[in-house]
Protein chains: 2
Amino acid sequence: MKVSIEKLRTDLAEKGLKVTPQRMNILDAIYTLGNHPTAENIIAYIHKDHPNIATGTVYKVLDTLVENNLIKKVKTDRDIMRYDGVIEKHHHLYCSECDLIEDYVDEELDAILKNYFENKKFPGFTMEDIVLQIRGTFDKC
Amino acid sequence: MKVSIEKLRTDLAEKGLKVTPQRMNILDAIYTLGNHPTAENIIAYIHKDHPNIATGTVYKVLDTLVENNLIKKVKTDRDIMRYDGVIEKHHHLYCSECDLIEDYVDEELDAILKNYFENKKFPGFTMEDIVLQIRGTFDKC
DNA sequence: TCTTTAATGAGAATTATTCTTATATAATAA
DNA sequence: TTATTATATAAGAATAATTCTCATTAAAGA
């Protein structure tokens, strides 16, 4: 997933965020790394070219990006946070053998779920969205 | 969810685990607390009556219980681990406003999903199970 | 009861993340 | 372009959840 510098710039600006080199680099790292990197992954990647970006800044920027819906946190059952640069609706394949998480896009499935939950209401709960966590094993693992 | 002492004992024994007071208390705490407690919740609950159970032991026992499928880890986008004493198939309602996670059982939905994915195969991935993470807001929040 | 193997307690160590504060910089106005 | 202001960042200390170490204890089976 390669995104132009200009796209990064406008994405930030559209959210009313100051366009800083740190934010550009962190966004770029998330897109380039793909596969739901950890903060540590992102820091390591960025430090190759920009060893002076503080780790505290990376965490702060990640929070800011999440708050502004430019990236998402990925739910896991580990105590290490992971991030997702893919904003469009998708589900996740979690590997039981390793830490790999792959995206899964399925519009037919989304339509079925939308239809199913249109009738079915949750008492006392207003639904915002549904993400499937599909656990299994990749052949390569 | 109240479970008898005898049930706790046989659950552990069936898995070939030594039946220790610590394990019994921790399992009981998870069932009694309900709603996907954190390790901290469990430790606080247990320490009321058993202040001498070490926190390291609680973490170790939780790992053991997860490995033996007596409890499950719950996926969240926080860096604090949460645990689930409900083993039967169910989904989760996550509150956007607070940390509440509620169980959602829906056999009709499970049947629809099972049917859908019987045809649909994932290339290079063998599915084990599917859990829906349904995000939204509880009225009370 | 005795033996063996595994579990626990205590607390140190680790690690991801957050916090603090002085400095630097982006955006905006002049 | 320069000055102003608000915000972001660097550096590193602080925190908090979790893991680790190892001596001691206790459960299960003989």
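Values reported hereafter were calculated over all heavy atoms of this structure, with side chains retained and with hydrogens, waters and symmetry mates removed. Quick caveat, the model's predicted, so the values are computed rather than measured. Chain identifiers are assigned alphabetically (A, B, ...) following the order of the sequence lines, protein sequences preceding nucleic acid strands; residue numbering begins at 1 within each chain.
Nearer the 5' end of DNA chain C, as judged by each residue's closest nucleotide, is the contact made by B/V58, out of B/V58 and A/G56. Residue B/M81 is the one, among B/K18 and B/M81, whose nearest nucleotide of DNA chain D lies closer to the 5' end (criterion: closest heavy atom). Nearer the 5' end of DNA chain D, as judged by each residue's closest nucleotide, is the contact made by A/T64, out of B/R82 and A/T64.
At the heavy-atom level, A/P51 lies nowhere under 4.0 Å from the strands shown.
A/D63 has its CG atom 9 Å from the P atom of C/dC19, to the nearest Å. Here C/dA16 presents its P atom at 16 Å from NZ of A/K73, a figure rounded to the nearest Å. One interatomic measurement links the two molecules: CZ of A/R23 to C1' of C/dA27, which rounds to 12 Å at whole-angstrom precision. Following rounding to the nearest Å, B/M24 (CE) and D/dA27 (P) show an atom-to-atom distance of 11 Å. To the nearest angstrom, P of D/dA16 lies 14 Å from CD1 of B/I43. Atom CD of B/E40 is separated from atom C1' of D/dT18 by 12 Å (rounded to the nearest Å). Computed from coordinates, the A/L8 CG to C/dA26 C1' distance equals 17 Å when rounded to whole Å. The interatomic distance linking B/L12 (CG) with D/dA27 (C1') rounds to 12 Å, in whole Å.
Listed nucleotides D/dT18, D/dT9, D/dA11 differ in distance to A/D79; the shortest reach to its side chain belongs to D/dT18. Of the listed nucleotides (D/dA17, D/dA28, D/dA10), D/dA10 has the atom at the smallest distance from the side chain of A/I53.
With hydrogens and angles ignored, no donor-acceptor pair under 3.5 angstrom links the side chain of A/K60 to the base of C/dT18.
The neighbour count for B/E118 CD, taken as heavy atoms of other residues, nucleotides or ligands under 6.0 Å away, is above 12.
Proximity of A/T20 to the phosphate of D/dT9: a side-chain N or O atom is located under 4.0 Å from OP1 or OP2. Phosphate proximity of D/dT18 to B/Y59: present, with a side-chain N or O under 4.0 Å from OP1 or OP2. For C/dG9, one of the phosphate oxygens OP1 or OP2 lies less than 4.0 angstrom from a side-chain nitrogen or oxygen of B/Q22. Under 4.0 angstrom from either OP1 or OP2 of C/dG9 there lies at least one side-chain N or O belonging to B/T57.
The pair B/K72-B/E67 does not meet the salt-bridge criterion, since no charged nitrogen lies less than 4.0 angstrom from a carboxylate oxygen. Between A/K89 and A/D129 no salt bridge is recorded (no basic side-chain N to carboxylate O distance below 4.0 Å). Taking 4.0 Å as the cut-off between side-chain N and carboxylate O, B/D11 and B/K7 count as a salt-bridged pair.
Without hydrogens or angle criteria, A/R82 side chain to A/H36 main chain gives a donor-acceptor distance under 3.5 Å.
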